[in-house]
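For the numbers below, each heavy atom of this structure counts, side chains included, while hydrogens, waters and symmetry mates do not. Remember, predicted model here, so these are calculated numbers, not experimental data. Chain letters run A, B, ... following the sequence lines, proteins first and then strands; every chain starts at 1.
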Protein chains: 2
Amino acid sequence: MDRLDSMQLFVRVAELGSFAAVAQQMHVARSVVTRQVAGLEAHLGTKLLARSTRRLSLTSAGATYLEKCREILSLVDAAEGGLTEDSQAPRGHLRITLPFSFGIRQLMPMFGDFMKANPEISIELEFSDRRSNLIEGGFDLAIRIADRLDPGDVARKIGSSQSVVVAAPAYLKLHGRPKHPRDLIQHECFGYLLAARSSWSFVIDGETQWFPIGGKLDANSGDALLAAAIQGLGITKAPTFIAEEAVRERKLEILLRKFPTPELGIYAIFPSNRYVPHRVRVLVEYLAQRIGSQPRWDAILKLRAE
Amino acid sequence: MDRLDSMQLFVRVAELGSFAAVAQQMHVARSVVTRQVAGLEAHLGTKLLARSTRRLSLTSAGATYLEKCREILSLVDAAEGGLTEDSQAPRGHLRITLPFSFGIRQLMPMFGDFMKANPEISIELEFSDRRSNLIEGGFDLAIRIADRLDPGDVARKIGSSQSVVVAAPAYLKLHGRPKHPRDLIQHECFGYLLAARSSWSFVIDGETQWFPIGGKLDANSGDALLAAAIQGLGITKAPTFIAEEAVRERKLEILLRKFPTPELGIYAIFPSNRYVPHRVRVLVEYLAQRIGSQPRWDAILKLRAE
DNA sequence: TCTATTGTTGCATATTTTGCAATAATGATT
DNA sequence: AATCATTATTGCAAAATATGCAACAATAGA
């Protein structure tokens, strides 16, 4: 029994409060978790977890030990990372959570190139537009798009994106073209479920102002809304990294060009409770450099309307 | 591969500068040490030890890692000990170095009883009258007899012993009985090789004074000298725990009763570089209690000469 | 040059670990 | 109250891993 692995499992079990969840997260059989923890307990001669089939709770010994384990594991992480610090080729496994649209459209090619350049790296991607808890989820890294950071997050900004209000030419021909954000209430606008969905924000005179919108379609996928807009169903406000392709292909037109929207930040977020391994930092630096300070997707703002 | 075990082996290899020595000390095959360290190196992606078949030296990464390993291992020790701290039955392995005479005559029965009372304890004894380095030797504990502590030793006094000057009645009949330490120069006295061997110390008026001795037999075993004294070959100065039995059986007589000798301390010495496990502390307390403040062996000082 | 010892490797054998399936226990739901 | 779904645990066979031994190559000392 590898005591360090056992400790790792024990810590996760304590954090998630479930053997099964840990087993799933770590890609091992439930029995492994059971036996690893049992092995630890046998080794220590103490019960660590009081388990009733449905709920777990820490023994007092378990609570003490949990803290020590955390300390030890982070020390081990630091020790192992500290060596290969620079110059060494990054290696190991990366478990990343990231948003669907940005992840699939923009990040995937970067991951592909990164993996080609670093054959000793393996990557596990969990796409999700929810802000999953990094620690509970056992992730090494999260990529998030947001207009501001959650307080307490340990993050590195790796890029940004503007947003654009877009609609298909067919829609515009039928319903006219809004000239000012306050016109949006008269239009068929799509709300993004994970944000405020009944109004859109614009920056006017340096201040963020919210304007109510009209519309009957909400969804929790920017891609879906974009598809609807392309079909001519209405207007959507999308980050440039989503709208980019459709705008270039003239399937969508950018509206309200004179009213910029708040910039979205693209962040790499680290779990706050442990040492950031070398491989994580290397990947994040790579992404930041690939995205650059003037992201490709924002270039569509400069396209001349025909 | 258990990383903690590997780290332990690596640390020992670095300390002893030899794979073979570690293998012997830890009771495993040389190949195990090789592969464990190699495994660590593979895991880290760095060479830790530069090995030329005859001499080892740490890589710079190795040196860094060594320190971290020490820290981690002592933390693990502390974590594992800290739980079962009190009330729990001690368990695990004890590697002890101890002197021949005292160890065999006095300590063995105590160890026996201790093991009977603590069936989860296993003990490995390395008898030696040399002051072996606790850390290099990989011992959990050393028992030492000395009139004073080496500076820097982390020790607990677990008892004491007086010394007595003794000779067989046959010898005394032949050569007479010394009345004062200064008479010893005229007698056949045995020198203990591991101490100052040409003079003996006595406490007179509260001060330690040294008196030269005559004699032609030196040895590095108090038992051997005692045997020689019993044969009537001469006079020896022995700790009471060695002379006890022979004196009780009237095979030897105590001389110079009015001239006490410096008290010998019996010490338990701990390796200074790591946490003292529970089992070690329990054993030491047990020994201290068994020996007591008025050790049995010193009782022979009160026997009336016939 | 020879020798003794060291660290490494191939190989057959033990040992351990793993996942799957079955079991028993328990909280939630109907 | 009874059923249900899910949980942690265990038996078992297969897979993976570690072990010791012996042979080997390298090296410092005689």
Parallel, tilted or perpendicular: rings of A:F114 and A:Y286 (30°, 60°): tilted
[X] [atom1] to [N] [atom2], straight-line distance once rounded to whole Å:
X	N	atom1	atom2	result
B:Q25	C:dT6	CD	P	14 Å
A:Q36	C:dT16	CD	P	14 Å
A:L16	D:dT7	CG	C1'	15 Å
B:L49	C:dT6	CG	P	16 Å
B:M26	D:dA18	CE	P	16 Å
A:R55	D:dT9	CZ	P	16 Å
A:M1	C:dT15	CE	C1'	15 Å
B:H27	D:dC21	NE2	P	14 Å

Contact under 4.0 Å: B:S31 side-chain N or O vs C:dT8 OP1/OP2: no
Touch class at under 4.0 angstrom, heavy-atom based, for A:R35 against every strand present: base
Sugar-phosphate, base or nothing in reach of A:S52, heavy atoms under 4.0 Å: sugar-phosphate
Atom pair CD1 (A:I96) and CZ (A:F111), whose distance is rounded to the nearest 0.5 Å: 4.5 Å
Value rounded to 0.5 Å, distance of CG in B:L40 from NZ in B:K47: 11.5 Å
Which nucleotide sits closest to the side chain of [X]: [options]?
X	options	answer
B:F19	C:dG19, C:dG7, D:dA18	C:dG7
B:L56	C:dG19, C:dG7, C:dA22	C:dG7
A:A20	D:dT7, C:dT8, C:dT6	D:dT7

Closest-nucleotide 5' rank along DNA chain C - winner of B:V33 and A:V28: B:V33
Pairwise side-chain contact, A:L58 with A:F10, heavy-atom cut-off 4.5 Å (strictly under): yes
Residue pair A:V282 / A:E285, side-chain heavy-atom distance below 4.5 Å: no
